[in-house]
Amino acid sequence: MVARELEAAGWEILGTNLRAGAGEIDILARRRGVLHVVEVRSRTGTSGWDPAESVGPRKRARIAAVVAALSSQGRLPAHRELRFDIATVVRHAPDAMPRVELIENAFDAVDLM
């Protein structure tokens with residue numbers, strides 16, 4: 001669903017569920033020469049909890065490790081810039097329409113050092 005929305009907004013989807021080592025990248029996309037690694041999180045219900053909060057330091061480090069592994073394996077396309085984004089999918093009730101929200105540049109690999 002998130003990949004379809006990004007594609008409809010003009011993003012080029014390069015892959016989904018890319019595995020390397022012990023981790024996975026949910027969506028790898030490109031827009032205007034920038035390579036985006038998109039972590040997707042979701043929740044159902046009316047609690048005020050933000051699913052993006054579940055992407056803590058450990059998960060961020062794992063995502064960065066997957067990117068490093070993919071890069072060393074030559075599996076990442078050439079890019080001038082790399083960004084780590086988080087997409088949240090919130091459904092307030094099981095039968096409600098989900099809402100997708102994209103947090104671009106949500107974290108930086110430098111934050112993990």
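Numbers here simply count residues along the sequence, with the first being 1. It should be emphasised that the depicted structure is a prediction, and the values quoted were computed from it without experimental measurement.
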Participant: Which heavy-atom pair separates Ile27 from Ile13 by the least distance, and what is that distance?
Facilitator: CG2-CD1, 4.1 Å
Participant: Rounded to the nearest 0.5 Å, how far apart are CD of Glu39 and CD1 of Ile103?
Facilitator: 11.5 Å
Participant: In Å, rounded to the nearest 0.5 Å, how long is the span from CZ of Arg91 to CZ of Arg99?
Facilitator: 12.5 Å
Participant: Quick one: are Val38 and Asp26 in side-chain contact, heavy atoms under 4.5 Å?
Facilitator: no
Participant: Going by side-chain contact (heavy atoms from CB on, under 4.5 Å), Phe84 matches just one of Asn105, Asp108, Ile63. Which one?
Facilitator: Ile63
Participant: Over all heavy atoms of both residues, which pair between Leu28 and Pro77 is shortest? Give the atoms and the distance, please.
Facilitator: CD2-CD, 4.3 Å
Participant: When rounded to the nearest 0.5 angstrom, what distance separates CD1 in Ile25 from CG in Leu70?
Facilitator: 5.0 Å
Participant: Considering non-hydrogen atoms only, spot the tightest contact between Thr88 and Ala52 and give its length.
Facilitator: CG2-N, 3.7 Å
Participant: Keeping Asp85 on the side-chain end and Val37 on the backbone end, is there a donor-acceptor pair under 3.5 Å?
Facilitator: no
Participant: Which heavy-atom pair separates Arg75 from Arg19 by the least distance, and what is that distance?
Facilitator: NH1-O, 3.2 Å
Participant: Between atom CD of Glu104 and atom CZ of Arg31, what is the distance when rounded to the nearest 0.5 Å?
Facilitator: 4.0 Å
Participant: If hydrophobic clusters are built by linking Ile, Leu, Val, Met, Phe, Trp and Tyr wherever their side-chain heavy atoms come under 4.5 Å apart, do Leu6 and Leu35 end up in the same one?
Facilitator: no
Participant: Mind checking whether Leu18 and Val2 sit in one hydrophobic cluster, side chains of I, L, V, M, F, W, Y counted as touching below 4.5 Å?
Facilitator: no
Participant: A side-chain contact here means heavy atoms from C-beta on lying under 4.5 Å apart; do His79 and Arg30 qualify?
Facilitator: no
Participant: Would you mind listing the cluster partners of Met97? Hydrophobic ones only (ILVMFWY), side-chain contacts under 4.5 Å, chaining allowed.
Facilitator: none
Participant: Each residue besides Val34 in its hydrophobic cluster should be listed here, by chain and number; the cluster joins Ile, Leu, Val, Met, Phe, Trp and Tyr at side-chain heavy-atom distances under 4.5 Å.
Facilitator: none
Participant: Any side-chain heavy-atom pair from Val90 and Glu101 closer than 4.5 angstrom?
Facilitator: no
Participant: Looking at Ala20 and Ala69, what are the two nearest heavy atoms and their distance?
Facilitator: CB-CB, 3.8 Å
Participant: Are Ile86 and Leu14 co-members of a hydrophobic cluster defined by side-chain heavy atoms under 4.5 Å apart?
Facilitator: yes
Participant: Give me each pair satisfying ring-ring contact (aromatic ring centres under 6.0 Å, His included) with a member in residues 22-41, each pair once, sequence neighbours excluded.
Facilitator: Trp11-His36
